[in-house]
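The block underneath contains the structure these notes are about, expressed in structure tokens.
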Amino acid sequence: MINKTLVGPWIRRFLLEHLVDERNRSCNTQRSYRDALVLLMPFVADRAGKPIDRLVVEDISSDLVCLFLLDLEESRRCSIATRNQRLAAIHALARFVAQHSPEHIAWCGKIRTIPFKKATKAVMPYLDKPEMDALLASPNCQTPQGRRDHVLLQFLYNSGARADEAAHVTVADLDLTSTPASVKFLGKGNKERLCPLWPSTVAELEALIANRGPAERVFLNRCHQPITRYGIHTMVERHTLKASAQMPSLKTKRVSPHTLRHTTAMHLLRAGVDINTIRAWLGHVSIDTTNIYAEIDLEMKAKALAHCEVPDARKPARPWREDPNLMEFLRSL
């Protein structure tokens with residue numbers, strides 16, 4: 001029988017049963033929650049003066065959790081977003097324990113009262129069309145790696161895919177013979193979506209996946225192994241640095257695969273694509289997430305403002321004697 005006072009068995013059930021079987025969380029979410037607890041448990045054990053395997057649930061007090069969050073920011077230099085992400089994992093663990101152990105409901109209540117920290121919302125970065133063109137022109141398409149980099153950059157821009165989604169695309173996920181051609185993604189929450197592909201992207205993908213099996217990954221690294229999301233991130237940074245020599249404005253921006261995702265959304269919005277289509281294109285669950293793009297587009301705001309510009313009241317009116325239409329009307333009377 002499980003000892004309900006020890007925290008170890010609860011963490012095991014939380015990570016291996018609850019997140020996987022009951023909640024069907026993505027692998028990235030599972031790793032994020034695991035990493036949060038990997039940091040929390042040694043911190044609690046050190047403060048409680050106990051071995052980790054002898055810690056009880058009540059050892060994780062609300063005061064200790066607050067100290068842990070403060071240590072994340074001060075000692076580990078974590079951002080507020082990371083702090084809140086770690087707290088979300090602790091909240092989820094407390095809620096799970098309370099659901100299965102009524103005697104810990106009071107403890108759970110104290111943990112759940114720890115608030116998330118409010119952070120300043122940064123402006124979402126994206127590239128203007130000339131900057132995106134410069135980035136696409138950066139790879140040397142005369143080399144195998146350069147051709148791979150170019151099609152990967154164009155694929156990210158075309159589809160608005162997350163780095164992890166692009167890394168896991170297989171040959172079977174591509175439908176290059178239909179009209180329009182498309183790619184199938186498995187996004188957050190194991191939600192599937194289809195994205196159309198441009199003819200130029202299709203042509204490059206066909207050359208890239210020639211003689212590949214349907215189960216193989218589309219994008220491989222230089223060792224012919226499946227590329228990782230970190231590899232994609234490094235590739236984007238490398239070509240941004242190279243492109244910045246021709247496009248100096250890129251030096252002022254921190255460009256990542258997610259920046260290209262934002263760029264896709266912004267360019268679709270400027271092209272007149274409705275916000276619901278963009279939501280489906282990017283795989284957002286809520287339209288509120290997609291509405292962010294409409295809020296940050298300064299160019300579209302300026303155009304809207306020009307339509308409602310108030311005429312300058314100080315501008316002198318035209319003398320009636322100089323109006324030929326009015327004078328002709330008067331002479332006809």
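Taking the centre and axis of the six-membered ring of F14, the NZ or CZ atom of R12 falls outside the cone set by 45° and 6.0 Å.
Under the 4.5 Å side-chain contact rule for hydrophobic residues, L205 and V171 share a cluster.
Here CG of L174 is found 6.5 Å from CZ of F155. Values are rounded to the nearest 0.5 Å. Note that CG of D149 and CZ of R222 are 9.0 Å apart. Values are rounded to the nearest 0.5 Å. A distance of 10.0 Å separates CG of L72 from OG of S79, quoted to the nearest 0.5 Å. Here the CE-CG distance, from M247 to L127, works out to 10.0 Å after rounding to the nearest 0.5 Å.
Under 4.0 Å is where a charged nitrogen must lie from a carboxylate oxygen, and between R76 and D71 no such pair does. Classification of R54 and D59 as a salt-bridged pair fails, no side-chain N sitting under 4.0 Å from a carboxylate O. One finds no salt bridge joining R229 and E165 here, because no Lys/Arg side-chain nitrogen approaches an Asp/Glu carboxylate oxygen to under 4.0 Å. Under the 4.0 Å criterion applied to side-chain N and carboxylate O atoms, E73 and K117 are assigned as salt-bridge partners.
Ring centroids of F185 and H168 are separated by 6.0 Å or more, keeping the two rings apart.
For the pair I114/F116, no side-chain contact is recorded, criterion being any heavy-atom separation below 4.5 Å from C-beta on. Residues R261 and L156 fail the side-chain proximity criterion, which asks for heavy atoms closer than 4.5 Å.
Side-chain atoms of E237 and S256 include no donor-acceptor pair closer than 3.5 Å. For the residue pair S101 and H104, a side-chain donor N or O sits within less than 3.5 Å of a side-chain acceptor on the partner. Using modelled atom types and a 3.5 Å distance limit, the side chains of D173 and T170 yield a donor-acceptor pair. The closest side-chain donor-acceptor pair between Y157 and H267 falls under 3.5 angstrom. No donor-acceptor contact under 3.5 angstrom links the side chains of D35 and S32, judged on distance only.
The closest donor-acceptor contact from the side chain of S138 to the backbone of A134 lies at 3.5 Å or more, if one exists at all.
The environment of Q246 atom CD is sparse: at most 12 non-hydrogen atoms of other residues, nucleotides or ligands sit within 6.0 angstrom. In the displayed structure, R23 atom CZ is contacted under 6.0 Å by at most 12 heavy atoms of other residues, nucleotides or ligands.
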